[in-house]
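Keep in mind that the numbers below use all heavy atoms, side chains included, and drop hydrogens, waters and symmetry copies. Below, chain A is the first sequence line, B the second, and so on; all start at residue 1.
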Amino acid sequence: MFALVDGNNFYVSCERVFRPALRDRPVVVLSNNDGCAIARSNEAKALGIAMGAPLFQIRHFEETHGLVALSANFTLYGDMSDRMMSLVAGLGPQQEVYSIDESFVGLAGVRGDLTRRGRAIRERIERWIGIPCGVGIGQTKTLAKLANHVAKTAERKPGSYPAELAQVCNLAALPREAFEEVLARTEVGEVWGVGRRIAKQLHDGGVHTVLDLARLDPATVRRRWSVVLERTVRELQGLPCIDLEDAPAPKKEIACTRSFGQAVTDLEPLEQAVSEFASRAAEKLRRQGSLAGQVLVFAHTSPFRPPPHMHKSVVVPLRRPTADTRLLVDAALSGIRRVYEPGYRLAKAGVMLLDLSDAQAHQAELDLDADEARDRSRLMQAMDKINGRYGKGTLHVGSTGATVRAGREWEMRQERRTPQYTTRWDDVPIARA
DNA sequence: TCTGGGGTCCTAGGACCC
DNA sequence: TCTGGGGTCCTAGGACCC
């Protein structure tokens with residue numbers, strides 16, 4: 001048995017903890033560069049604001065409906081998430097933190113009324129952290145996900161499901177008939193693992209509700225679609241196929257990518273950005289104790305703007321696996337010089353570290369290089385510490401003086417234009433602590 | 001003018017080998 | 001005209017997730 005607990009409209013809820021006056025009004029939190037809405041309050045959803053809606057398309061709601069749009073504060077959300085997850089852990093013996101606002105809990109061996117336990121945890125999180133949650137319980141992760149969807153939808157749209165399923169929904173406790181009624185009321189695209197494309201194919205094949213999907217023959221689903229969808233069908237039928245992952249596996253690739261606030265056309269600012277991305281990615285790489293064997297660099301124009309379009313990437317192999325910022329920056333720069341062509345208005349670029357391996361295992365293999373490896377990792381550790389204490393980009397490394405200077409200049413420009421968008425909402429006072 | 005960032009898994013097809 | 005059969009590895013691309 002599994003539970004899925006997730007924070008409602010998480011980023012918006014975090015903001016509301018510190019600014020209670022944001023309650024009961026439409027609020028969105030914006031992505032990087034204040035480009036689009038990545039979290040919406042229920043009131044914003046009710047206005048028809050879609051996930052990912054660009055700010056310029058929804059701005060008129062500020063005037064007409066009192067919409068408040070806020071730049072994201074990811075440090076705050078990460079902190080709130082940690083606190084919420086430690087309370088969620090009290091629900092059962094195993095926990096998988098699935099994303100910043102979601103956690104699965106393995107309930108094997110937990111006795112007593114699971115629904116009541118779910119309510120108790122939910123209330124504790126609301127009271128102690130201030131974040132409203134939905135709790136879903138089911139025999140498989142897919143069913144727990146579905147239950148969570150029911151819990152939230154029943155609360156947000158009264159009448160969509162039986163009222164007693166709001167906030168906490170335990171599908172495993174429902175009689176067969178009521179369970180199937182819930183599945184029949186739910187559109188197939190809501191299922192975890194069924195995205196837009198597959199939902200369309202299912203609809204075309206006459207499969208409209210979750211109940212329709214759950215009644216398909218798994219072998220047929222595998223033949224016509226894939227093993228992935230087959231697994232989903234079996235999970236809907238109550239057969240667990242997806243395990244809880246309580247120890248997070250090390251990342252197999254690490255990326256740092258950004259959209260540019262304004263289109264980039266020249267090589268130099270592109271190099272500045274890419275050297276910064278490579279440095280950030282290298283920090284993440286060292287944090288997880290890995291080495292990278294390859295560096296991928298890409299740049300592309302905006303798919304939303306008129307042609308000419310360009311979308312290119314290059315993989316640069318490294319002579320040997322490394323976590324050294326200098327080598328990774330050099331590789332990324334050599335890559336971006338091969339990608340770059342004048343005449344394009346670039347909207348985004350990024351660096352990905354690939355072919356990752358364990359640093360310790362690798363060093364054991366090559367004890368010839370032990371001294372060098374130690375020196376190198378000491379330098380990098382010192383760098384991470386300084387940048388951690390005094391702010392990103394305080395200390396840069398590069399293959400040439402030009403790289404160092406360029407990286408710093410780019411960083412400063414970013415700081416200067418760090419988005420601080422906030423709807424003017426003078427009538428909404430900030431809560432005093 | 002303005003449209004996020006970071007991941008995973010699966011599959012098909014080509015290259016290469018015996 | 002006829003032109004094997006498998007296995008493995010790699011890559012690109014599709015689809016999905018939050």
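Look at CZ on A:R223: it is 18 Å from C1' on B:dT11, rounded to the nearest Å. Following rounding to the nearest Å, A:L354 (CG) and C:dC10 (P) show an atom-to-atom distance of 14 Å. Between the NZ atom of A:K252 and the C1' atom of C:dC10 there is a distance of 16 Å, given to the nearest Å. A:F298 places its CZ atom 14 Å from the P atom of C:dG13, with the value rounded to the nearest Å. Between the CG atom of A:N33 and the P atom of B:dT3 there is a distance of 7 Å, given to the nearest Å. The separation between A:F260 atom CZ and B:dG4 atom P is 13 Å, rounded to whole Å. Distance A:L229 CG to B:dC9 P: 18 Å, rounded to the nearest Å. In this entry the distance linking CD of A:Q294 with C1' of C:dC10 reads 11 Å, nearest Å.
In this structure, A:R305 reaches the bases: a heavy-atom distance under 4.0 Å links it to at least one base atom across the strands shown. A:E253 comes within 4.0 angstrom of a nucleotide base, judged by non-hydrogen atoms across all strands. Heavy atoms of A:V191 sit under 4.0 angstrom from primed sugar atoms or phosphate atoms, though from no base atom. Among the protein residues, A:I254 comes within range of the sugar-phosphate backbone only, with heavy atoms under 4.0 Å from sugar or phosphate atoms but none that close to a base.
Closest to the A:F56 side chain, of the nucleotides C:dA15, B:dG5, B:dC2, is B:dC2. In the set C:dA15, B:dG6, B:dT11, B:dT11 carries the atom at the smallest distance from any side-chain atom of A:S226. Comparing C:dC17, B:dG4, C:dC16 by their nearest atom to the side chain of A:Y98 picks out C:dC17. If you check B:dG4, C:dC18, B:dT8 against the side chain of A:K251, the one that comes closest is B:dT8. With C:dA15, B:dG6, C:dC17 as the choices, the nucleotide that has an atom nearest any side-chain atom of A:C256 turns out to be B:dG6. Ranking C:dC18, B:dG6, B:dC9 by closeness to the A:K284 side chain, first place goes to B:dG6. Residue A:R258 places its side chain closer to B:dG5 than to any other of B:dG5, C:dC18, C:dA15. Taking the side chain of A:V228 as heavy atoms from C-beta on, and the options B:dC10, C:dC16, B:dC2, the nearest nucleotide is B:dC10. Taking the side chain of A:R231 as heavy atoms from C-beta on, and the options B:dG7, C:dC18, B:dC9, the nearest nucleotide is B:dC9.
Dashed line: the shortest gap from a side-chain N or O of A:K145 to OP1 or OP2 of C:dC16 is not under 4.0 Å. A sub-4.0 Å separation between OP1 or OP2 of B:dG5 and a side-chain N or O of A:S259 is present. Neither OP1 nor OP2 of B:dT3 sits under 4.0 Å from any side-chain N or O of A:K348.
For the pair A:T115 (side chain) and A:N170 (backbone), a donor-acceptor distance under 3.5 Å is absent. With A:R40 contributing its side chain and A:A46 its backbone, the two residues share no donor-acceptor pair below 3.5 Å.
If you find the closest nucleotide of DNA chain B to A:F304 and to A:A255, the one lying nearer the 5' end belongs to A:F304.
Between the side chains of A:Q272 and A:E268, at least one donor-acceptor pair of N or O atoms lies under 3.5 Å. Side chain to side chain, A:Y77 and A:E15 meet the donor-acceptor criterion of an N or O pair below 3.5 Å. Of the N and O atoms on the side chains of A:R286 and A:T325, at least one donor lies less than 3.5 Å from an acceptor on the other residue.
The nucleotide B:dC18 finds its pairing partner in C:dG5, both defining distances of the Watson-Crick or G-U wobble pair being shorter than 3.5 Å.
On the P atoms, B:dT3 is 25 Å away from C:dC18, given to the nearest whole Å.
Proximity of A:R223 to A:T220: side-chain heavy atoms (C-beta onward) are separated by under 4.5 Å at one or more points.
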*Take A:R326 and A:D330 through the test salt bridge (Lys or Arg N to Asp or Glu O under 4.0 Å) and record every step on the way to the result.*
CA-CA 6 Å; A:R326 294 164 292 183; A:D330 283 350; over 6 Å; no

